[in-house]
Amino acid sequence: MQPTGRQVPWTEFSAAFRAYHIPPSMMKIKLREFLNLKQGSKTVREYVQVFNDLSRYAPDHVDTDAKKKKCFLEGMTPKLRSRLGRRFEDFNQLVDDATAMEEDLRLHHLEKRKAKVTAGPSGSAPQCPILTYQAPSRPPYQQQLVVRPVQQQNVQRPQYYRPPQPQWNMQAPAPPQG
């Protein structure tokens with residue numbers, strides 16, 4: 001609440017708005033996410049979108065164009081960062097050049113793969129087509145045979161170890177005669 005006629009500067013308004021609507025713990029979590037942000041497998045467009053979303057929680061790290069470029073470059077993939085260099089007029093030129101470089105690398109990679117497939121593994125020998133055989137499908141009205149295992153009875157299996165049997169020296173009684 002401000003007195004009538006007092007104009008609130010934007011910086012004061014945005015700080016008050018943020019303090020009221022975004023808890024400090026959430027600001028810390030999002031700041032940590034921003035500082036740990038890496039491009040990884042994201043495209044440049046995906047990376048810049050996440051970067052811009054999280055940069056709202058790190059105003060001190062992106063308050064100048066130079067800081068914003070530095071943070072963005074630090075999170076980029078090393079391959080792309082090394083090819084871009086560091087001479088950019090502003091953040092938008094950096095993003096534009098990174099997007100163009102990424103597209104060039106993608107097209108180069110596709111050309112290499114296409115050339116490799118065309119030349120074959122030895123480099124000059126033409127590839128023989130791989131033929132595959134697809135078994136004809138059965139009509140739906142045919143019954144399928146069900147094969148059940150045959151039960152084997154009294155099957156002797158080889159015995160690799162048989163402990164010695166005790167031998168008793170006893171004779172069985174003779175049957176009665178009569």
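These numbers come from a predicted model, not from an experiment. Heavy-atom basis, side chains included; hydrogens, waters and symmetry copies ignored.
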Nearest-0.5 Å distance, CZ of residue F51 to CE of residue M76: 11.0 Å
Nearest heavy-atom neighbours spanning E46 and T43: OE1-N, 2.9 Å
Interatomic spacing from NE2 in H61 to CG in L54 - rounded to 0.5 Å: 12.0 Å
Test side chain to side chain contact (heavy atoms under 4.5 Å, CB included) applied to N92 and D96, step by step: CA-CA 6 Å; N92 291 332; D96 186 50; over 6 Å; no
Under the salt bridge (charged side-chain N to carboxylate O under 4.0 Å, His left out) test, residues paired with R106 that sit two or more places apart: E103
For residues 65-73, which side-chain donor-acceptor pairs fall under 3.5 Å, sequence neighbours excluded?
unit_1, atom_1, unit_2, atom_2, d
D65, OD1, F91, N, 3.3
D65, OD2, F91, N, 3.0
K67, NZ, D60, O, 3.2
K67, NZ, D63, OD1, 3.1
K69, NZ, F88, O, 3.0
K70, NZ, E74, OE2, 3.2

Exam field: side chain Q49 to backbone R45, donor-acceptor pair closer than 3.5 Å: no
Heavy atoms from other residues, nucleotides or ligands near NE2 of H21 exceed 12 (cutoff 6.0 Å): yes
same_hphob_cluster(V8, W10) at 4.5 Å side-chain heavy-atom cutoff: yes
Donor-acceptor pair, side chain of R113 and main chain of L110, under 3.5 angstrom: no
Residues R6, E12: salt bridge by 4.0 Å N-O rule: yes
Criterion side chain to side chain contact (heavy atoms under 4.5 Å, CB included) on M101 and V44, from CA distance to verdict: CA-CA 10 Å; M101 179 64 69; V44 172; over 6 Å; no
Linked, directly or transitively: L105 and L94 (ILVMFWY side chains, under 4.5 Å): yes
Please table the atom pairs, donor to acceptor, closer than 3.5 Å between any side-chain atom in residues 27-40 and protein atoms at least two apart or in another chain.
unit_1, atom_1, unit_2, atom_2, d
N36, ND2, R32, O, 3.2
Q39, OE1, T77, N, 3.2
Q39, NE2, K42, O, 3.0

